[in-house]
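Working notes for the structure below.
All chains are named by letter (A, B, ...) in the order of the sequence lines, taking the proteins before the strands, and each is independently numbered beginning at 1.
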Amino acid sequence: MLDQQLVNALSLGCVYALFALGFTLIFGVLGVINLSHGAIFMVGAYAAATFMRVFSLPLWMGLLGAFLFSGLFGLIIDVLVLKPLRKRNAPHLIPMIATIGVAIILNNGVQAIFGAENLRFPAGTIPDDALEFAGIHVTVLELGIVMVSFVLMGVLMLALKRTQMGRALRAIAESPKAAYLVGVNVEGLFYLTSFIAAGLGGLSGVLIGLYSNALFPLMGQPMLEKGIAVIILGGMGDIRGAMLAGLFLGFAEVLSVAYIGSSMRDAVAFGLLFLVLLVRPKGLFGSLQERKV
Amino acid sequence: MTAPLLKVEGLKVSFGHVEAVKGIDFQLHEGQITTLVGANGAGKSTTLLALSGLVKKTAGRVTFDGQDITGLAPHKIVSGGVVQVAEGRATLTTLTVRENLELGAYTRRDGAAARAADMERIFTLFPVLKDRAEGLAGNLSGGEQQMLAIGRAMMAKPRVLLLDEPSMGLAPIIVQDIFRTLREINKLGLTIFLVEQNVRQALKIADRAYVIETGEIVLEGSGRELLGNPRVQDAYLGN
Amino acid sequence: MTGFDNFWAVYSNLVLSLGINGLLALSIWLTLACGMLSMANAAFMGLGAYASSILTLNYGLPYPAAIVVGMALPALVAAIMGGPTLRLSGVYLAMATLAFGEVVRIAVLNTESLTGGALGLNGIPQLTQWWHVLLALVITLLVLWRLRRSKVGRAFEAIKEDETAAGLMGIDVGRHKMLAFVLGAAIAGLAGTLNAHLTFFIGPGEYGFNRAVDILTMTILGGINGLTGPVLGGVILTILPEMLRGLGGFRLVVNGLVLVLIVLFLPKGIWDPMRFRQWFQRKGEAA
Amino acid sequence: MLELSGISRHFGGLKVLQDVNLAVPDKGVFGLIGPNGAGKTTVFNLITGLLPPTSGTIRFDGQDLAGRKPFEITRGGIARTFQNIRVFKEMSLTENVIVGMDAKLRYGAVGLLASTGLFRSEERRARDRARELLSWVKLDHKADQLADNLSYGDQRKLELARALATEPRLLLLDEPVAGMNSSEKTDLMHEIRNIAERGYTIFMIEHDMRFVMGLCEQIAVLNFGRIIARGGPDEIRNDPQVIEAYLGREDDEATNEGVTV
Amino acid sequence: ADIKIGVAEALSGGAAQYGTAIRNGFQLATDEINAAGGINGNKIVLVVEDEQGKKEDAINVFKKLIFQDNVLMVFGPTLSNSAQAADPIAQAAKTVAFGTSNTADGITSIGDYVFRNSVTEADVLPETLRVATKHANVKKVAVLYGNDDVFTKSGYDNFKKALEDAKMPVTTTETFAKGDVDFKAQLTKIKATNPDAIVLSALIAEGAPIMVQARQLGINVPFIGGNGMNSVKIFDLAKGASDKLYVGSPWSASNATPENTKFIKAYTAKYNGAPDQFAAQAYDGMYIAAQAIKAVKLTGALPADRAALRDALPNVKWTGATGAFAFTRANDKAGKPAGYDAKQQAIVSVTKGTQFEIEK
Ligand SMILES: Nc1ncnc2c1ncn2[C@@H]1O[C@H](COP(=O)(O)OP(=O)(O)OP(=O)(O)O)[C@@H](O)[C@H]1O
Ligand SMILES: Nc1ncnc2c1ncn2[C@@H]1O[C@H](COP(=O)(O)OP(=O)(O)OP(=O)(O)O)[C@@H](O)[C@H]1O
Ligand SMILES: [Mg+2]
Ligand SMILES: [Mg+2]
């Protein structure tokens, strides 16, 4: 049983990490806890499901569509909401509150359009059957989620570490003023970050939506709660930290179900998280300074 | 006299109801060191930030190399060749020294080889940066960070270097180094606009100098002239 | 029935909710004023609500005594957990306090014999009178107003801006933070007690993440530079959905839109005296 | 008055201070100079309790400061200013200064809640005192402005007034004139001299030699975490080790003004 | 004159899925009744308000309907929690509060103006268990339920009691939380205990993925579900993994009585989708209320009419989409008679292909 549970934990951890990647990116670069990320996640899932049903598209087109569509939403949110707040030098919790408003709009807008009931991706989008190795069951989708999340983490980390744009993003994260001074198009990179972060949110919406196969307007809300835990535990905007924290949460949940009792799962997981914070007050990889706004 | 490389006319900057810069004119000539001196709060930093596009100009016109750059976005100004080393240095402490330098070349499109060559040049100018290249910039001491800030600005291949109090908080020996370096890079042909509290030294190395008081330029002349000006001696040299 | 009676019959609960939400907003304002982003107040509200309801429901304790317990228990818990937790700063404190809230929620779910678990507690006597809420709000405002005008308020503000510098000005940072945290917990507990004895029923789902975010939203939206802001924010966020009732399916979309617009045009919160002054001055100049 | 004996401080593998022994005498102005990164600010951080020393003891008026929290040390009579300015930007100048008096305002919870006569007289006293301290640094005309709107140099002066508000006996100043021009430095020099004459002991870090040499009776030089010289201004000025590490040679046309004056 | 009836259901928020179905059920019944000439010539007018599934809003909406809109009676609210908060308002105002979806214990203890036609699972589960045991040879079961939701938790409480009564061994009891997407940890644990069936108290959003993931882990035993799983959505959401789910309820999509057939046809035509149990109970609830209203002589004096309606309701017998229906008196906490619960016969059905098949 333990081997199966470890596989379960890995895939659940990757589910959380996948959601958290875009979330932590926007947190790191813009310094905003974007509480509409859950709604964007949901929008991505609905967009892909709709595209795929209406135009009978294959999954990869659905994923691409979701990425572009939610990315576009992220961009619009940035232009209409976050940018004016940056311009006005709003105190640092204010953008977060604005994104709550955005989430309310998106959640209820989707409900008004699609109704409240559960939708799903077209049957057969991805093989449902599990593969079996030595008594361990995994599905293609789980393998896909694990792979996608590790690949995305690798790509993002490499991009941030090695490319000029990545350096620029890190510069913005530390000090937009310093970034301006070296000639970084800070606004442009804010847009790009919002686009990519939201796109990743939408992408994770599709994959996780396929996993649960029950889409509903508020499906992003529970993810958002876990996602916040993950990105903060990982440390401000740290990609590697988000991945590790996602896995941490996944393992904490699965192992507490396996060995302590499922009714104590969240208490154990969050209790551990609490303790980790007491030991590492800046998260797992919190060497970065919090930007003083 | 040749046409100025950078020309500022009627520059005004306000913060809310406070006018920090009240319509000033000045010019930078190619290959010269120009300095702007003044008391605390006179508006020196504000002027520099306005030149770089980091604070909004309420009025005025800035021409650089014959082109109007008044309303350009900050990154456009940098890629045009006007680069600033800001007050407090603004080194990126979470990046390594090398990364800071590489970021300096952010706006350049002339290939890795040219950038690497420039980096070597900066390493010869500031050998200590080479020793610490892979360390985090945040661990450098104040003086080393100042050198890094200047080096980073030079990585952008500037035509005009704007410096805001580069000597602040530095040990005397380092201050000497910095001023020596400034003159060296000036000799390489770089135009320098220097804002300093260290008025005596600034005037000593400046070809041209302006004195700013509460947002207005009250005196201008060559460095030597102002150094001998009794009003300057009285107000800024503390004699 | 007179117009007022009629109004009161329909809207009494709404009006009292305004007061209770005002209290909640003030409870988190207190910690924000001290620079702490604590999200534990929803949990403290729940602790107060459960403690007092269990006492009035099962043991017939008089309401005043229940109120005291409803404030004291969260305050005590805050005092105990404040020690290790308040060292954290910024979002890390927010996360730790959210985690604490989650643990409280699971504890309630798992102590069914006492708390009813997911089914909650029902049949709680409706003991809250309109004047209880009013009095609670007035006293809270008065106390906070006095605090704000004194060295304690100044110390809070200094800590908010720069904890280290405040400490080096001779301010006992730890004690002040603890004071804000514990007092905030007591106020949240009071709000929880009043609410529980108004609505017959409480359940564990009411005191989770969403409530924590709601409370924060009220305060930030209202503006944290004063006591008027949080109360105003509480009032607006409570009334807004009711006012939009006529709009049907898209009412919450409009609700969200209004929220975004308020934030965009009043980025320092609704109650922003500086901006008011600016407006007046601009008018004065124009005239 | 203040005595550091055998003080070391390490950050990970970095030995920032090694076996530093210093005694700051009662009354007068004592200076600490040294190259960037020598560990000067760290010395202040140790004295004010922001950091614990790796080893060694610090005594103030004969009492060991080990384990005391920063606010306790401040209340015990040591105040400081910061190299990187740390005024409370969103507060007015007056409020900034009154924050420094926190421990000296003696009204309890009752006085506070009921706005008793004691409360009002104490608050009035604080306000008057704040104005007086601001006038010492010539900022009283800006008393009701927000600190954020002050320029760099004025913020430094505000920090000084705020530190004085804690009624210290020992005042630690970390580069008080950084960012000021010569005439402003001269002004501040007078003001600090006045403060010293009022009976405060001043312990100061500064890179401006004219300022340091003009004010300090005693100077210690820190280099790479060790004290390399100690003495009066003239001794220090001519100490070859200090010149090598810190002052530099006067072979340059644009020499440091401090050395020539 | 028109007869105003209040409908307070969750049309937004997490419970909107159920609230909307319920509203549709009321609307359908109302339209039918009005098309047939109304009640004694009077048309029914629904006053629909969104209570968001929150207790404060439920209270506010109840007050608005009762005191401002002057409705004759109120249907709703959607969730049991909201009912616990709002029904006392109706009780105090001596106005009938009629729940069609509240299954938690104690709702009808609030007072004699509180009615419901939603069957608590206590009544149907023993029957479900019996049938499932008989057909699938169940000797021991594992239990899985949502422990943070009233609906699924009270379902579990009743399951537990039924299992005890039936002396059915339980291999393990596991929980999950609303909004979870991954249940494999619990299922893996369940699998290790080798049960013959899994008793599942869940709503469809979690229930469907649970069935899918169970099959993926190689768990092929039957599921025994509660009310929440009684929806044809299961065939869509758990496509390919929906077989062998036993549910017991007075209503079944496959129950081919004329009343039910008519209801399903009308609903599908009007709303472009299959009804679920929530819609069926709401639909019947409206007809039950209509029967009672038909029996009273409306005077136009609201308090008198409301009281008369209350007195007439308990006597209604009705056969609708959910089969034969009658009220039965419930007791309050002190054991004195209070409100009214439903008394109905359970139908047990099992999923096969894309159909519920009725099992006896
Ligand atoms: N963001 C701002 N908001 C309001 N006022 C400002 C702002 N920035 C600067 N000021 C004001 O503008 C004036 C000029 O400031 P500036 O920083 O340009 O002075 P400076 O000459 O660089 O002084 P210093 O030598 O102290 O650095 C000062 O009075 C300052 O208070
Ligand atoms: N918290 C810390 N963690 C790691 N290293 C530190 C820390 N604080 C200081 N240092 C290091 O200790 C050394 C001494 O720092 P300090 O600030 O005391 O120098 P200083 O003498 O005040 O220099 P300056 O004149 O430039 O202000 C520096 O190399 C610095 O990087
Ligand atoms: Mg300046
Ligand atoms: Mg220092």
Side-chain angles (χ1 to χ4, degrees), chain A residues 24-25 27-29 31 79 83-84 86-90 157-193 234-241 282-292, chain B residues 15-16 45 48-49 51-56 72-96 98-109 112 115 136-139 145 148-158 161-164:
Chain A
T24 203
L25 188 64
F27 183 36
V29 177
V79 172
K83 179 180 175 174
R86 284 197 292 271
K87 286 264 169 314
R88 277 162 229 210
N89 249 330
M157 269 177 64
L158 218 65
L160 282 176
K161 189 96 204 133
R162 297 254 180 271
T163 67
Q164 192 73 324
M165 187 197 290
R167 283 189 276 271
L169 286 173
R170 282 187 289 146
I172 295 175
E174 187 183 325
S175 155
K177 183 184 163 191
Y180 273 121
L181 286 171
V182 296
V184 173
N185 181 358
V186 176
E187 279 301 318
L189 284 188
F190 276 144
Y191 293 157
L192 185 72
T193 306
M236 281 287 290
D238 194 298
I239 300 288
R240 188 179 36 151
K282 295 277 173 195
L284 291 174
F285 286 99
S287 53
L288 299 185
Q289 285 293 302
E290 210 171 317
R291 193 192 304 165
K292 223 175 156 114
Chain B
F15 299 106
S45 300
L48 282 195
L49 291 175
L51 281 184
S52 284
L54 285 177
V55 300
K56 229 174 103 191
L72 284 191
H75 64 278
K76 293 263 169 62
I77 295 177
V78 173
S79 59
V82 180
V83 183
Q84 175 170 185
V85 179
E87 197 169 37
R89 304 176 197 122
T91 34
L92 293 157
T93 55
T94 52
L95 275 60
T96 64
R98 187 184 295 280
E99 284 176 333
N100 265 278
L101 291 173
E102 274 168 358
L103 254 189
Y106 189 79
T107 55
R108 279 169 60 178
R109 296 284 172 268
R115 292 209 300 270
L136 284 187
N139 289 345
Q145 288 196 23
L148 176 59
I150 295 174
R152 188 179 70 187
M154 289 181 58
M155 280 297 287
K157 273 222 160 150
L161 191 59
L162 313 175
L163 293 141
D164 198 349

Those residues that, when tested against A:Ala168, pass side-chain contact (heavy atoms from CB on, under 4.5 Å) (two or more places apart):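 Counting only residues at least two positions away or on another chain, A:Ala168 forms a side-chain contact (heavy atoms from CB on, under 4.5 Å) with A:Val184, A:Leu189, B:Leu103, B:Tyr106.
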Interchain contact, B:Leu49 with chain A, by part (heavy-atom threshold 4.5 Å):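 Only the side chain of B:Leu49 comes within 4.5 Å of chain A.
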For B:Leu92, which atoms come within 4.5 Å of any heavy atom of chain A: side chain, backbone, both, or neither?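 Looking at B:Leu92, backbone and side chain both touch chain A.
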Would you say A:Asp238 and A:Leu284 make side-chain contact, with heavy atoms under 4.5 Å?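 No, every pair of side-chain atoms sits at 4.5 Å or beyond.
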Under the 3.5 angstrom rule, does the side chain of B:Glu102 hit a backbone N or O of A:Gln164 as a donor-acceptor pair?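 Looks like no, no N/O pair under 3.5 Å.
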Kindly say whether A:Arg167 contributes a backbone atom to a donor-acceptor pair with the side chain of B:Glu99 at under 3.5 angstrom?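 Looks like no, no N/O pair under 3.5 Å.
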Count the heavy-atom pairs under 4.5 Å between each of B:Val83, B:Ile77, B:Leu95 and chain A, then report the option with the highest count.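 Of the candidates given, the most pairs with chain A belong to B:Leu95.
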Among the options A:Met165, A:Glu187, A:Arg170, pick out the one with the most heavy-atom pairs lying under 4.5 Å from chain B.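 When all of A:Met165, A:Glu187, A:Arg170 are compared, A:Arg170 has the most.
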